[in-house]
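Taking it in order: structure first as structure tokens, then the write-up.
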Amino acid sequence: SGLESAYLAALTVLGSASKMRFNPMNGGGVQSHTLIRLHDLVGSYACGQAGYAPLLSTSKSIAIGQHASSSDAYKEASDHNVDQSSQEMSNIMSEHNLTIRGYAMHALTNALSNVVYHGEDFPLLPKPSCESLMTTEFLEQIADDLSGATRPPIASLGSAHEATYAARFLHLIAAYSEEGFYFTNGAIVGTPPRPIYGLLERARIAGSSCHRALELESQVAQTAIGGKF
């Protein structure tokens with residue numbers, strides 16, 4: 001069924017060693033492969049580890065090498081152009097990485113939602129522990145997203161859109177398991193240290209004036225991490 005397929009996909013995104021059976025094109029009978037690569041990719045992208053930075057230094061080195069035999073004046077002008085191109089490339093990559101991370105957070109929260117709200121329909125399918133989502137590093141990233149609640153849309157920085165997914169993640173991971181609840185309940189993040197609950201309140205207030213989804217998700221998250229499991 002559609003729900004079963006969606007649930008299996010959710011387990012894969014969250015780290016379950018789900019298996020897929022298929023008939024290879026070159027014959028040889030039915031084979032079984034474990035789907036873990038998707039979980040690794042979504043997790044790294046959600047943590048902001050898109051990994052495109054090396055392209056900057058590579059492109060700059062190539063450009064400099066192309067002009068190695070030029071005069072000093074031409075080299076100076078070329079270096080200026082290379083620096084300008086590198087900055088433009090950096091801006092493009094920052095916007096691209098933010099977009100990719102947004103897709104990852106969307107996939108992650110959808111997967112958590114499927115398991116939280118439909119887990120009872122599939123009691124024989126054990127859910128992953130999601131330990132990789134309950135780390136200080138990841139929580140700090142979520143806190144950074146929440147901090148963008150009052151920020152206008154900027155290419156290289158998160159805004160209310162990212163804050164909405166961050167709030168949704170917090171309420172879902174708190175509802176996911178007892179470990180998730182205790183991980184988020186009373187959590188302190190940032191420098192100087194601030195309670196995550198306070199960031200949600202700030203996001204809720206910002207959402208009440210300009211972003212209804214952010215307001216609602218922040219309210220639900222506050223209830224989820226502030227109550228009892």
Side-chain angles (χ1 to χ4, degrees), residues 10 13-15 39-51 94 97-98 100-113 115-117 119 127-154 156-229:
V13 169
L14 296 178
H39 164 68
D40 294 338
L41 287 175
V42 171
S44 63
Y45 290 152
C47 287
Q49 300 169 357
S94 295
N97 291 346
L98 184 67
I100 292 297
R101 183 169 180 273
Y103 291 149
M105 286 300 295
H106 194 176
L108 188 59
T109 52
N110 278 351
L112 285 170
S113 180
V115 176
V116 167
Y117 294 112
K127 63 182 184 181
S129 64
C130 288
E131 291 179 356
S132 62
L133 303 180
M134 302 179 200
T135 64
T136 301
E137 178 186 10
F138 194 74
L139 191 62
E140 291 288 346
Q141 183 71 60
I142 294 298
D144 286 342
D145 290 341
L146 287 174
S147 298
T150 58
R151 187 187 297 136
I154 302 176
S156 60
L157 298 173
S159 60
H161 180 74
E162 286 71 33
T164 301
Y165 279 112
R168 188 178 186 214
F169 167 82
L170 286 172
H171 107 248
L172 288 171
I173 201 67
Y176 187 82
S177 65
E178 187 172 359
E179 291 77 14
F181 171 76
Y182 287 117
F183 173 69
T184 55
N185 182 257
I188 303 295
V189 293
T191 304
R194 297 171 294 174
I196 196 88
Y197 192 94
L199 290 177
L200 284 169
E201 175 63 12
R202 182 170 175 265
R204 184 194 64 79
I205 294 173
S208 66
S209 62
C210 62
H211 202 289
R212 179 62 173 166
L214 174 58
E215 179 187 15
L216 293 176
E217 291 291 355
S218 298
Q219 285 178 336
V220 173
Q222 285 181 300
T223 301
I225 72 174
K228 296 181 179 181
F229 187 83

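Side chains are part of it too, since the values below use all heavy atoms of this structure and drop only hydrogens, waters and symmetry mates.
We find the CD-OG distance between E137 and S132 to be 10.5 Å, quoted to the nearest 0.5 Å. Between the CD atom in Q219 and the CD atom in E201 there is a gap of 9.0 Å [rounded to 0.5 Å]. From I173, atom CD1 reaches atom CG of L112 across 5.0 Å, with rounding to the nearest 0.5 Å. To the nearest 0.5 Å, the span separating CD on E217 from OH on Y165 amounts to 9.5 Å. Interatomic distance, CZ of R204 versus OG of S209, reported as 10.5 Å (0.5 Å rounding). To the nearest 0.5 Å, atom CZ of residue R202 and atom OG1 of residue T150 are 4.0 Å apart.
Between I225 and H171 there is no side-chain heavy-atom pair separated by less than 4.5 Å. Looking at heavy atoms from C-beta onward, T164 lies out of side-chain contact with E215 at the 4.5 angstrom threshold. Side-chain contact between F183 and L139 is present, with heavy atoms from C-beta onward closer than 4.5 Å. Counting only heavy atoms from C-beta outward, the side chains of L14 and L108 approach each other to under 4.5 Å. Using a 4.5 Å heavy-atom cutoff, the side chains of L146 and L170 are in contact. Annotation: side chain of R168 is in contact with side chain of S113 (closest heavy-atom distance under 4.5 Å). Annotation: side chain of F138 is in contact with side chain of F169 (closest heavy-atom distance under 4.5 Å). Looking at heavy atoms from C-beta onward, L172 lies in side-chain contact with T109 at the 4.5 angstrom threshold.
In this structure, L200 and A167 approach most closely via the heavy-atom pair CD2-CB, 3.9 Å. Contact between A206 and A149 at its shortest, heavy atoms only, is CB-O, 3.8 Å. Taking both residues in full, the closest heavy atoms of A174 and T184 are given as CB-OG1, 3.5 Å, listed atom of the first, atom of the second, then distance. Heavy atoms only, all atoms of each residue included: Q141 and C47 are closest at OE1-O, 3.3 Å.
S208 places a side-chain N or O within donor-acceptor distance of the main-chain N or O of I205, the cut-off being under 3.5 Å. Between the S218 side chain and the L214 main chain, a donor and an acceptor come within less than 3.5 Å of each other. Under a 3.5 Å cut-off, the side chain of T135 and the backbone N or O of E131 do not form any donor-acceptor pair. Checked by atom type and distance alone, the side chain of E162 pairs as donor or acceptor with a backbone atom of S159 at under 3.5 Å. No donor-acceptor pair under 3.5 Å is formed between the side chain of D145 and the backbone N or O of A163. K127 contributes a side-chain N or O that, together with a main-chain N or O of Y176, makes up a donor-acceptor pair within less than 3.5 Å. Of the possible polar contacts, one joining the S147 side chain to the A143 backbone as a donor-acceptor pair under 3.5 Å is found. The backbone N or O of A46 sits less than 3.5 Å from a side-chain atom of R101, completing a donor-acceptor pair.
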